[in-house]
Amino acid sequence: MPHGNEMRERTALTAPPSPLVRYRDGSASPGPRTLALFGFGSTPREIDDPRWLRVVLDPLGDAPLEAWEVDAPVEAGRDGDLRWSRGGGWLYAAVECHEDDHGGPEGAAVHAYGLLSRFVESAEERHVQRIWNYLGAINEGSGDDERYKHFCTGRIRGMGDVFAQGFPAASAIGHHGDPGLLQVYLLATDRPGTRVENPRQVSAWQYPRQYGRTPPSFARATLLPAGDVLAISGTAAVVGHASAHAGDLEAQLAETLRNLDALLESGGMPAGLDGGAPLKVYVRHREDEAAVRAFAAKRFPSAPLLLVHGDICRAELLVEIDGWRYRG
Ligand code: 3EB
């Protein structure tokens with residue numbers, strides 16, 4: 001029989017099982033082990049539960065819900081603009097706020113990241129693996145005055161020490177709802193994951209000055225601590241630091257897929273996006289939905305797919321893909 005202390009040590013070395021991310025039909029409700037449940041767009045559904053978030057991005061076509069399930073009972077609560085849930089070593093936290101209350105996109109990002117970093121810092125689950133950002137009119141303003149660039153400055157100002165050891169994987173997408181609404185949510189856990197970069201791309205935090213005063217603070221992907229899931233950041237047709245194939249949807253999709261393949265390889269994941277790879281595709285122009293679906297049907301037919309109408313943070317990019325790759 002192992003001694004009690006040894007038992008505790010061995011338990012501490014075992015990473016918590018990764019959350020299961022699934023797309024579910026629109027009638028699903030949060031269960032006792034649901035960490036978070038997301039609806040998209042103007043769904044009339046409202047669920048009075050801190051784990052429920054209506055993401056402001058409109059779906060294109062089918063509008064499933066996205067559910068994160070963990071291996072243990074979940075508790076949840078609210079604290080001002082922040083809501084949270086935790087269970088099985090995992091933490092979900094979300095902030096919704098309005099720019100009018102914070103003087104613009106930079107101030108709103110400072111506020112949101114301030115709340116999130118202070119909350120996460122005081123939690124056992126303080127290792128942020130993945131984060132999503134949705135802001136309105138993301139490409140409005142020119143040069144250094146583009147709203148996305150102000151958001152980037154506020155994000156880094158609001159990030160506390162909790163992000164100082166390295167940035168999480170992320171997505172930052174423009175929505176078409178109330179232009180002042182900012183939504184930020186994250187997934188964290190009780191031990192570090194492994195940050196993964198893409199050898200085809202310059203790391204975002206090293207982007208040259210032409211992309212703004214404050215380079216974007218995110219990693220290309222995170223391998224979750226159990227080593228079984230790659231959490232993939234928003235991935236687009238960026239090669240080196242430059243946008244490729246301006247105005248050409250098909251070529252951007254093909255380049256994005258090459259980036260995803262490269263990321264899987266550098267993350268040590270098996271090649272290909274199959275049924276174990278729930279993906280989200282952000283499409284700038286609604287009229288591109290059919291072409292995006294046709295591309296997906298040909299190149300990753302079994303990957304569960306959710307298409308949403310969203311702007312990519314560089315005006316010339318038409319499409320971006322993020323999601324999860326389970327080792328299977
Ligand atoms: C790029 O590769 C595309 O600012 O958090 C992708 C993922 C992009 C995340 C972010 C931005 C972000 O630079 C843009």
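Just follow the structure's listing: the first ligand is 1, and inside any ligand the first atom is 1. Values in this document were obtained by computation on a predicted structure and should not be read as measured data.
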Visitor: Can you find an N/O atom of N133 closer than 3.5 Å to an N/O atom of ligand 1?
Guide: no
Visitor: Ring centroids only, cut at 6.0 angstrom: are W68 and F38 within range, meaning strictly under it?
Guide: yes
Visitor: Calculate, to the nearest 0.5 Å, the distance between atoms CZ and OG1 belonging to R200 and T235 respectively.
Guide: 11.0 Å
Visitor: Less than 3.5 Å between some nitrogen or oxygen of Y207 and one of ligand 1, yes or no?
Guide: yes
Visitor: Under a 4.0 angstrom heavy-atom cut-off, which atoms of ligand 1 come close to A170?
Guide: 5 (O), 7 (C), 9 (C)
Visitor: Judged by non-hydrogen atoms, does F151 sit under 4.0 Å from ligand 1?
Guide: no
Visitor: Suppose we measure from atom 12 (C) of ligand 1 to each protein heavy atom; which comes out shortest, and what is that distance?
Guide: F218 CE2, 3.2 Å
Visitor: For ligand 1, is any non-hydrogen atom under 4.0 Å from R155's backbone (N, CA, C, O), its side chain (CB onward), both, or neither?
Guide: side chain
Visitor: Based purely on interatomic distance, does R220 place a nitrogen or oxygen under 3.5 Å from a nitrogen or oxygen of ligand 1?
Guide: yes
Visitor: What distance separates L91 CG from L187 CG, expressed to the nearest 0.5 Å?
Guide: 8.0 Å
Visitor: Any N or O of R314 that comes nearer than 3.5 Å to an N or O of ligand 1?
Guide: no
Visitor: Roughly how far, to the nearest 0.5 Å, is CG of L253 from CG of L260?
Guide: 10.5 Å
Visitor: Classify the contact between S233 and ligand 1 as side chain, backbone, both or neither, using a heavy-atom distance cut-off of under 4.0 Å.
Guide: neither
Visitor: Within the 3.5 Å criterion, strictly below it, is a donor on H150 or D145 matched to an acceptor on the partner's side chain?
Guide: yes
Visitor: Verify whether one side chain among R284 and N139 offers a donor that lies under 3.5 Å from an acceptor in the other.
Guide: yes
Visitor: Classify the ring geometry between W132 and W324 as parallel (under 30°), tilted (30 to 60°) or perpendicular (over 60°).
Guide: tilted
Visitor: If we only consider heavy atoms of A236, is any one of them less than 4.0 Å away from an atom in ligand 1?
Guide: no
Visitor: Does ligand 1 have a heavy atom under 4.0 Å from the side chain of A204, from its backbone, from both, or from neither?
Guide: neither
